[in-house]
Every structure is written in structure tokens, then in C-alpha cells.
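Okay, structure first, notes after.
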Amino acid sequence: MRFLAAAALGALASALVETHDVFAPRRAGDGFVLDRMAAAGCGELPWNAYRLPEPLKSIWFQPGHVLARWPRRDGEPLPRPRALFGAKACDLKAVACLDRVLRDHEFKEPAWCAARASTLIVAGDCTDCAESCFCTMLGDLPYPTSLFDLCLSPTAGGFLVETGSDRGERLVADHAGLFAAVPPEAVALRDRARAELTARVKRQNERFPVRDPFEKSVAKHERTRIWAELAATCVECNACNLVCPTCHCFLLHDVPTPTGAVRLSLWDSCFSAGHARMAGGLTPRLQLTERFRNHYQHKFVTFPRTWGVTACSGCGRCIEACMGRIDKRECLHKLETRWLPSEVAQEID
């Protein structure tokens, strides 16, 4: 573990600009957005106290990108390596979810695999939380424990730096002049700050107590009518899926060009009426309530049973983006508590 002065963080990012496409938080009004650093010497990097508004999946899984081209082009330059600053624990959990689908099995998504392999991740502890954050309800923590190359933990005058990979070790060694020995008591202060923020996130979600695993709470409502109530204000805007860091549905679209054609991969949403449409125009989820139920079934039942992890990171972006003011925490709480034996016969279709 090493120490990085606050001013040296900008110097580290500026040094990486020479060899990487560097993405880092940038102030925008009262908040932050993820932006690409245009050049070295941009000064100090701002510290995002909690996750950014946009999902970081767009760094590797772009909203629209070319999968194939006809006629094929040979000799195109390879993209530069990337460096990502500002990732939080919920973002890294989402990356782990997408790795399972797009990388860690026989059928790999080449663009995702190549982009992931060439991206340096500089993550950081959360030092604050949004009202919508609920990572602790999923048993997670507001600070990274894995899947980073470097993890920065704010402390007096700078950051404690923990390496999480050989690439992170090489980065520290290559820029050894920016790092210093860990100050006395710095680790204890970091651990205290982590514990205090974890307790704070738990307190702000006390009105949504969790007793049963979400998989059990959602699965038991597979055939009940509660979904119409939960989806009553949904306007099918797809915002929740587009800002979700774990959603990965896509559609393929062929576009003619003056010299041939390209096949595009575009983000899709399971809330769209045409998402599950099959040949002949039939769809197994014609009604909004069925698509709403599928959203929860996939994230909290099907995905963990298939891949071993819940497809929700508790980042709360969906809560902030929802035009219908639907709070996923409230929905999950109702799914757990609204189940009385006397209601079973009336609720089941």
C-alpha cells in the first residue's frame, strides 16, 4: 500500500494520457459526468464522492457500435488502451455481472473482451452516498474489494493506494516518484471512514428491511397479480434499463453504406414491447405488467441462478431516472412482505 498526494492524482492521469484514452469525472453543474481527458496537464482531477450518473458499462459496451463490415476492412488501427478513473464498488460489481455474460464462458463477445483487457481501472471508495444508494441491501459495501488495478481511499492530504493486479503494481512502479510511504494512522482512519459510511447507507435504507433473499421474495410472485400494482406508474420510457450498469440486452441492425453494409449492435430494453417479439409477430410478454415482472425475475431470480450473482448493484440509478417515481427498494420490500397464505388463492391467476 502506498500514499498518493491529492495533487499527484492529476499528474498520474496526465501521464497516462500519453499512452491511454483516459476517462475521468468532470464537474458539470452541481454534479459530475464521465468525460475523456483531451490532453495532459489538465490539473487536479475532481473526486466523485459516489457513483457517477451514467453507467460505466458504456466504456466497454457502447450504446451503438459496429460488429461487422462488408466488405471487410483489413489493416484498421487498433484502439488505444483505456484508463478509467472514478469507478465505485457498485460499478465494479456490474462489471463482474457483464463479464459472466460476455466473457467468462465459451461464447465470448470479442469487443467486450478486448476492451476489458486493455482498460486500466482506478477505482475509489465512496465518501458520500446518494439518497437512492442501496448497495448494503444486497450485502455489498460502498468501497471496492476486487476487480480494480488501483483503489484510492481518501485520507488527509491525499489517498491510500491499494493495488489489485499486476498491472496496478507496474503502474505504481513506473510512476514511483508520485507515490510515498503510508502516513501513520492512515489505514485506521480509512477503515473508520469505511465503517461509518457503510452504517450510514444501512440507516437510510432501514425503512426497507430485508429478511428473505431477494431471489425468494421475487420468485414467489411469479404468478400473482401484484405486478399490476407495482407497474401502475411505469410509462415504458426504458430509462431504468439504459442507466442500469448491469443491463446488457442488445439488438442487431444492418445498415447499408455507399460501399457495402455494416451490422450494428444497439442497446435494447426488456421494457420495449418488441423486445421478445418472435417470427410472425408473436411475443410472450405482450402486457407491460409481464415485462415489468420479467425485469425483476431476470435480475433477482434467473441471473443469480444462472451466473451466481444478482444482476443489481444497488447503485440506485434506476430510482433517480424513473419518470414514474418507481423505487426498486419499495418494490422489493412489497414483494417480500405482501404474501399471506389467505391471499394465495385470490392472487394466483
- Item | Within 6.0 angstrom of Arg80 CZ, more than 12 heavy atoms from elsewhere | yes
- Applying the side chain to side chain contact (heavy atoms under 4.5 Å, CB included) test to Leu102, which of Trp112, Phe107, Trp60 qualifies? Trp112
- Task: State whether the side chain of Lys57 and the backbone N or O of Pro245 hold a donor-acceptor pair below 3.5 Å, judged by distance alone.
- Result: no
- Message: Could you check whether any side-chain N or O of Thr233 sits under 3.5 Å from a backbone N or O of Gly324, counting only pairs where one atom can act as donor and the other as acceptor?
- Response: yes
- Item | Exam field: side chain Asp149 to backbone Val122, donor-acceptor pair closer than 3.5 Å | no
- Message: Can a donor-acceptor pair be found, under 3.5 Å and without considering hydrogens, that links the side chain of Glu336 to the backbone of Arg211?
- Response: yes
- Side-chain touch Trp47/Leu152, heavy atoms, less than 4.5 angstrom: yes
- Task: Using atom types as modelled and distance alone, determine if a side-chain donor or acceptor of Asp128 lies under 3.5 Å from a backbone N or O of Ala49.
- Result: no
- Message: If you compare all heavy atoms of Leu288 against all heavy atoms of Glu236, which two are closest, and at what distance to 0.1 Å?
- Response: CD1-CG, 3.4 Å
- Item | Salt bridge Asp91-Arg51, side-chain N to carboxylate O under 4.0 Å | no
- Message: Is it the case that the side chain of His105 and the backbone of Arg103 share a donor-acceptor pair, with hydrogens and angles ignored and the cut-off at 3.5 Å?
- Response: no
- Message: Could you tell me if the side chain of Phe208 sits less than 4.5 Å from the side chain of Leu332, heavy atoms only?
- Response: no
- Query: So do the side chains of Glu290 and Pro284 get within less than 4.5 Å of each other, counting heavy atoms only?
  - Reply: no
- What is the ring orientation for Phe61 with His65, classed by angle as parallel under 30°, tilted 30 to 60°, or perpendicular over 60°? perpendicular
- Check whether any side-chain heavy atom of Ile326 lies under 4.5 Å from a side-chain heavy atom of Phe292, and answer yes or no. yes
- Quick check: are there more than 12 heavy atoms from other residues, nucleotides or ligands sitting under 6.0 Å from CD of Glu222? no
- Query: Is the side chain of Arg26 donor-acceptor paired with the backbone N or O of Asp35 at a distance under 3.5 Å, no angle test?
  - Reply: no
- Under 6.0 Å between the ring centres of Trp227 and His295? no
- Message: Determine whether Asp99 and Arg116 satisfy the following criterion, salt bridge (Lys or Arg N to Asp or Glu O under 4.0 Å), listing intermediate values before the conclusion.
- Response: CA-CA 9 Å; Asp99 278 346; Arg116 282 280 287 115; 2.8 Å; yes
- Please confirm whether the backbone N or O of Thr119 pairs with a side-chain atom of Arg82, one donor and one acceptor, at under 3.5 Å? no
- Message: Can you confirm whether Phe214 sits close enough to Pro304 that some side-chain heavy atom of one is under 4.5 Å from a side-chain heavy atom of the other?
- Response: no
- Message: Can you tell whether the side chains of Arg207 and Glu131 come within less than 4.0 Å, N to carboxylate O?
- Response: yes
- Message: Keeping Lys93 on the side-chain end and Cys312 on the backbone end, is there a donor-acceptor pair under 3.5 Å?
- Response: yes
- Task: Using a strict cut-off of less than 4.0 Å between a Lys/Arg side-chain nitrogen and an Asp/Glu carboxylate oxygen, indicate whether Arg200 and Glu196 qualify as a salt bridge.
- Result: no
- Task: Check whether any side-chain N or O of Gln204 sits under 3.5 Å from a backbone N or O of Ala130 as a donor-acceptor pair, and report yes or no.
- Result: yes
